[in-house]
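Take a look at the structure below.
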Amino acid sequence: MKIFKHIIIGMAYFFMFSQADCKKKENCHSKIIIQNKSNTPVICGEKRYDGSNNCNIVGQILKSNDNYELVFGQFSCWENTLSGGKTKDIYIIDTATYNNPNVFYSCDSMEYKNTILKHFILTLDDLKKNNFTIAYP
C-alpha cells in the first residue's frame, strides 16, 4: 500500500512539473522554418568550420514552394542560443554553383565557391517578428 501511495505522489509531481514545462515551451522555439517562395530550387545552407579556420557551406536542396526546418535540438531553444545579440547566418545558394560540402577552403573564398543569392544574418528579434519563419526571396 505504501508503494501505491509513492506512485500516486510521483505521478502528481510529474504532471505538475510537465504542466510548468509546457508553459515554458511557449517561449522556446527549437526550429526555424525557411521557405523557398521562388520558382527555382535553391540550397539552404549554413557555414561550417574545420579545425584550421577554413570553412564551407553545408546545405540542403529546397524545391520551389517548399519548406525546410532548421532544427536546433529537441530540448534546446533558439531564444537561448541567440540571446545577448548573437546571430544566425543562413545562406541561400544557387544549385548550379555550390561548393563540395566535403571540402573546406579559405573563408574568404565563400563567394567564389558558391553563388550566394541571399545571406540572412538573423537576430532573435528578427526571428520573433517573423514567427521563426524566413522566406526567400
### Query
Do you know which two heavy atoms are closest between Ser38 and Ser64, and how far apart they sit?
O-OG, 2.5 Å
### Message
So for atom CG, which belongs to Asn39, do other residues, nucleotides or ligands contribute more than 12 heavy atoms lying within a distance under 6.0 Å?
### Response
no
### Query
Which pair of non-hydrogen atoms, one from Lys47 and one from Tyr91, has the smallest distance, and what is that distance?
CE-OH, 3.3 Å
#### Entry: Donor-acceptor contact below 3.5 Å, side chain Asp50 vs main chain Asn53
yes
### Message
Side-chain heavy atoms nearer than 4.5 Å, only ILVMFWY residues, links allowed to pass through others: does that put Tyr105 and Ile43 together?
### Response
yes
### Task
Go through the steps to decide whether Leu117 and Val42 satisfy the test side-chain contact (heavy atoms from CB on, under 4.5 Å), and finish with yes or no.
CA-CA 9 Å; Leu117 303 172; Val42 296; 3.8 Å; yes
### Message
For the SG atom of Cys44 and the CG atom of Asn36, what is their distance to the nearest 0.5 Å?
### Response
9.0 Å
### Message
Could you report the tightest heavy-atom contact between Tyr49 and Cys55, atom names first, then the distance?
### Response
CD2-CB, 4.0 Å
### Between Asn99 and Asn56: side-chain donor-acceptor atoms closer than 3.5 Å
no
### Message
Can you tell me how far apart OG1 (Thr87) and CD1 (Ile121) are? Round to the nearest 0.5 Å.
### Response
6.5 Å
#### Entry: Pairwise distance CD1(Ile34) to CG(Leu122) - rounded to 0.5 angstrom
8.0 Å
### Message
Give me the atom names and distance for the closest heavy-atom approach of Thr123 to Leu82.
### Response
C-CD1, 4.5 Å
### Task
Only one of Asp94, Thr95, Thr97 passes side-chain hydrogen bond (donor to acceptor under 3.5 Å, both in side chains) with Thr115; say which it is.
Thr97
### Query
When rounded to the nearest 0.5 angstrom, what is the spacing between CD1 in Ile61 and OH in Tyr68?
12.5 Å
### Message
What's the separation between atom CD in Gln60 and atom CD in Glu69, rounded to the nearest 0.5 Å?
### Response
10.5 Å
### Query
If you look at every heavy atom in Phe132 and Trp78, which pair is closest and at what distance?
CE2-CB, 3.9 Å
### Query
Sub-3.5 Å donor-acceptor pair from the side chain of Tyr98 to the main-chain atoms of Gly59, do we have one?
yes
### Task
Check which hydrophobic residues are tied to Val58 through side-chain heavy-atom contacts below 4.5 Å, counting indirect links as well, and list them.
none
### Message
Is there a side-chain contact (heavy atoms from CB on, under 4.5 Å) between Arg48 and Ile57? Walk through the geometry before answering.
### Response
CA-CA 6 Å; Arg48 301 282 189 204; Ile57 297 178; over 6 Å; no
### Message
I'd like to know if the side chain of Asp66 and the backbone of Leu62 have a donor-acceptor N/O pair within less than 3.5 Å.
### Response
no
### Phe120 versus Ile92, closest heavy-atom pair with distance
CE1-CG1, 3.8 Å
#### Entry: Spacing of NE2 belonging to His29 relative to CG belonging to Leu124, to within rounding of 0.5 Å
9.5 Å
### Task
Step by step, work out the side-chain contact (heavy atoms from CB on, under 4.5 Å) result for Asp89 and His119.
CA-CA 7 Å; Asp89 290 75; His119 177 198; 2.5 Å; yes
### Message
Strictly by salt bridge (charged side-chain N to carboxylate O under 4.0 Å, His left out), give each pair with a member in residues 109-127 just once, sequence neighbours left out.
### Response
none
### Query
Is Lys88 salt-bridged to Glu46, going by a charged N under 4.0 Å from an acidic O?
yes
### Query
Sub-3.5 Å donor-acceptor pair from the side chain of Thr133 to the main-chain atoms of Asn131, do we have one?
yes
